[in-house]
Amino acid sequence: MTTSHTAPATRPAHTFSVAPMLDWTDRHCRYFHRLLSRQTLLYTEMVTTGAIIHGKGDYLAYSEEEHPVALQLGGSDPAALAHCARLAEERGYDEVNLNVGCPSDRVQNGMFGACLMGQAGLVADCIKAMRDVVSIPVTVKTRIGIDDQDSYAFLCDFIDTVSGRGECEVFTIHARKAWLSGLSPKENREIPPLDYPRVYQLKQDFPHLTVAINGGVKTLEDAKAHLTHLDGVMMGREAYQNPGILLQVDREIFGSDDEVRAGVDVVRALYPYIEAELARGTYLGHITRHILGLFQGIPGARQWRRYLSENAHKAGADVGVVERALQCVIAPHGAL
Ligand SMILES: Cc1cc2nc3c(=O)[nH]c(=O)nc-3n(C[C@H](O)[C@H](O)[C@H](O)COP(=O)(O)O)c2cc1C
């Protein structure tokens, strides 16, 4: 355990990641996040095995620039998961992650997500089936418990089975339990209390495993404090709503000497991507919705948001709209 705040330059990608978030961390969002941080590990939204196997769209599409990028899968059929993991590896994903944390009804009906915490043997079979067919890491994102199964012994049994029989070596733990009925997914991210010491204890008791923590991390100071106990930190809502925080991650967390980019430069660096996407028929608002929070706390941020929100949906909207919105944070402050 180290108490130093100076990060070595060679920390692995799982040291800091942006969480999988349905409807939020789509490929446009990830492309933008990658411009903010070169080293942060990015996760896709959860993609179900059913969508990949039976769906009409290309659910595995991503841009090469997104690396390192992990695919999060939702499912509980070992053969289907193994098939999808193989496809993910062929497509060049750096990791495959199994969702054992989502409590939505839709997910429970499909028998995956958080309810799988009650079926450690099945999760182990799923992980083993995937590990047998790919060489990229196969990881698990889970909670500290479900419903009344919330003792530390229950969590240890789960981890023991999934790491033992399943051979899973990397776990990201959302440090609160999930209620499988009675709470909405949103409430399940807010109401059950966070218990960070429980996750620290898990790392103590399973020192050979890579353990990352998730839930309520809002600053890089928080992240550094967790890293004195654990191998990684996953940030969700704060990274999405206040993406400027990612600008400092390479330097503060990964110990990089690279110059920290200015937010304005990042937005302009996104223009070629926006132009290519518009040419393919993507609607500008689908990209710009992810960048609205970039200038949080900076004078002109509200005008930036408003200009983009009011204009990105108009017919013919192009990068000119984004450049005009940028003027709200550049002039007359000039500090960016
Ligand atoms: C809009 C939204 C969508 C989410 N979708 C997923 C998902 O697809 N898979 C998953 O494992 N967790 C999902 N989560 C949960 C996050 O990954 C994360 O565990 C949770 O937000 C707690 O971290 P935070 O406090 O840093 O936001 C989602 C969260 C939000 C806010």
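All ligand and atom numbering here is 1-based and tracks the order in the structure.
- For His28, the ring pair (Phe, Tyr, Trp, His ring centres under 6.0 Å) partners are Tyr273, not counting sequence neighbours.
- Protein residues are said to neighbour a ligand when one of their heavy atoms lies under 4.0 Å from it; for ligand 1 these are Ala19, Pro20, Met21, Leu22, Trp24, Met46, Gln72, Asn99, Lys141, His174, Arg189, Asn214, Gly215, Gly216, Met235, Gly236, Arg237.
- For Asp58, the side chain to side chain contact (heavy atoms under 4.5 Å, CB included) test picks out Leu60, Ala61, Arg91, with sequence neighbours left out.
- Checked by atom type, the side-chain pair His226/Tyr200 shows a donor-acceptor distance below 3.5 Å.
- Partners of Asp132 according to the salt bridge (Lys or Arg N to Asp or Glu O under 4.0 Å) rule, which considers only residues two or more places apart in sequence or in another chain, are Lys128.
- Taking 4.5 Å as the limit, every side-chain heavy atom of Gln72 sits out of range of all side-chain heavy atoms of Glu45.
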### Message
side chain to side chain contact (heavy atoms under 4.5 Å, CB included) for Tyr43 and Val18? Distances and angles first, verdict last.
### Response
CA-CA 6 Å; Tyr43 281 82; Val18 175; over 6 Å; no

